[in-house]
Participant: 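Provided herewith is a single structure, encoded as structure tokens, for subsequent inquiry.
Chain naming here is simple, since letters A, B, ... match the order of the sequence lines and numbering starts at 1 in each.
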There are 2 protein chains.
Amino acid sequence: MWERKRAKARNAIQREALRLFADRGFAATTVEQVAEAADVAPSTVFRHFPTKQDLLVLDGYHPLLVPLREAFAAQPAERTALQALRGALAAVFAAMPDAERAARYERDVAMVTIPELWSANLGLVAKGMDAIADLVAERSGRAPDDARVRGLARVVSGACFAALLDWSRNPEGDPAQAIDEALSHITDPPPL
Amino acid sequence: MWERKRAKARNAIQREALRLFADRGFAATTVEQVAEAADVAPSTVFRHFPTKQDLLVLDGYHPLLVPLREAFAAQPAERTALQALRGALAAVFAAMPDAERAARYERDVAMVTIPELWSANLGLVAKGMDAIADLVAERSGRAPDDARVRGLARVVSGACFAALLDWSRNPEGDPAQAIDEALSHITDPPPL
DNA sequence: CCGATATTGACAGTCGACTCTCAAAGTTGG
DNA sequence: CCAACTTTGAGAGTCGACTGTCAATATCGG
């Protein structure tokens, strides 16, 4: 029971913190204000999050990689790695419950919108790129640090990032669709 | 003469600051240490750089958007927008004096490596994407917010970003080459 | 209900970024 | 050299992040 209570408090603190950061900015928000908003003592905030920056670190982000790996493996063998990646990403988003998808969008947009949040999670982006490289390497039988594998991973992760960044600035339709569309520009380049 | 003396002191402070940041990290370096290393008083540091973060901002930095625009216009008409972009980027880097290129690499790597710097310059990434979209729109005669134009801009800017990010983590060869290679995965996708 | 254990709040205190002020020292034009 | 001007050093002071301690409180096993 301790665990559940602890996690509940932790989530409340982080939720309020992110809300305040989005409102008035990271630097302009004091830990004391976060504590007050979450209805806890300042010392309690530090007990859950060693530093103020840690309030920005989103855990539970990487679980996306597991279903992605499965969806990727389920792709038809005749597809190229790029087509398979595109298909797998679309499948993962399609299979996601609406509530979870909405929560993820909100988090991802916050991550691109709040500068400090982005910098705190830069490592996650790099990890995502590595994960994609691993997938492609496994499927193609090449080494994960093969130039072609790494190059493909760069392009795909970069396209996903840029699609999200652009979508967050001008939300129209579905982010998953934006990602798929961006990838389509690599798989089937339109004449321009 | 005031001007020259002021600039000299400013450069000395920033040089020592960057050296210390590279050595022990940004957060682990105090302004007092920077002042001592530069042989000035702490208050003098703040007189030249309003905040500690400002010690990271290199002046004399001009975005390569202008030369890129020129190089893009100079590309052969028979190339696709994508090929022209790739060629223009390569041309800009090739035409850049060695010293300037080295300085640019150093700065770009710092920007991706030091989170504090990245968060300060996130807006530049979005602007770069818009600029690329403008170039493509102008050349293709389509609107800058055309879905295909925006999609292409997303993929290209994303690829550049990812290439730089990856290169900064594992520097081999030339960043310009990494960018070109990433773009080649879109123009001439290798079989994978 | 009771004791063991985990969590919290309140509080004091350190440290560094940053501001403000004023006197000292260097610089320039005359 | 003098006088106006600019920069600098020094110091005091504010504010917020962060640490450590201790008593109060909540939960659990028995």
Participant: Among C:dG9, D:dT8, C:dG16, which nucleotide has an atom closest to any side-chain atom of B:Thr30?
Facilitator: C:dG16
Participant: So B:Pro42, base contact, sugar-phosphate only, or nothing? Heavy-atom distance under 4.0 Å.
Facilitator: nothing
Participant: Using a strict 4.0 Å threshold on nitrogen-to-oxygen distance, state whether B:Asp130 and B:Lys127 make a salt bridge.
Facilitator: no
Participant: Between C1' on C:dT7 and NZ on A:Lys8, what's the gap in Å once rounded to a whole number?
Facilitator: 15 Å
Participant: Counting only side-chain heavy atoms from C-beta out, which of D:dG20, C:dC18, D:dG9 sits nearest to A:Ser43?
Facilitator: D:dG20
Participant: Can you tell me how far P of C:dT19 sits from CG of B:Asp54, to the nearest Å?
Facilitator: 10 Å
Participant: I need the CZ-C1' distance between B:Arg4 and C:dT28, as an integer number of Å.
Facilitator: 14 Å
Participant: Take atom CG of A:Asp39 and atom P of C:dT8, then tell me their distance rounded to the nearest Å.
Facilitator: 13 Å
Participant: From C:dT7, C:dA10, C:dA17, pick the nucleotide closest to the side chain of A:Ala41?
Facilitator: C:dA10
Participant: Looking at every non-hydrogen atom in both residues, tell me the closest pair between A:Gln33 and A:Thr29 and how far apart they are.
Facilitator: OE1-CA, 3.4 Å
Participant: Just how far, in rounded Å, is C1' of C:dG16 from CD of B:Glu36?
Facilitator: 15 Å
Participant: How many Å lie between CZ on B:Phe46 and P on C:dT19, as a whole number?
Facilitator: 7 Å
Participant: Quick check for you: among D:dG9, C:dA10, C:dC18, whose closest atom lies nearest to any side-chain atom of A:Arg47?
Facilitator: C:dA10
Participant: Rounded off to whole Å, could you give me the CZ-to-P distance for the A:Arg10 and C:dT8 pair?
Facilitator: 12 Å
Participant: Take the protein atom CD of B:Glu32 and the nucleotide atom C1' of D:dA10, then report the distance between them rounded to whole Å.
Facilitator: 12 Å
Participant: Among D:dC18, C:dG16, C:dG9, which nucleotide has an atom closest to any side-chain atom of A:Lys52?
Facilitator: D:dC18
Participant: According to a strict under-4.0 Å criterion, is B:His48 in side-chain N/O contact with OP1 or OP2 of D:dT7?
Facilitator: no
Participant: Could you work out which one of C:dT27, C:dT8, D:dC18 sits closest to the side chain of B:Lys5?
Facilitator: C:dT27
Participant: Do the side chains of B:Asp145 and B:Arg150 get close enough for a salt bridge, i.e. N-O under 4.0 angstrom?
Facilitator: no
Participant: Is any side-chain heavy atom of B:Leu135 less than 4.5 Å from a side-chain heavy atom of B:Leu68?
Facilitator: yes
Participant: Are B:Arg139 and B:Gln75 linked by a side-chain donor-acceptor pair shorter than 3.5 Å?
Facilitator: no
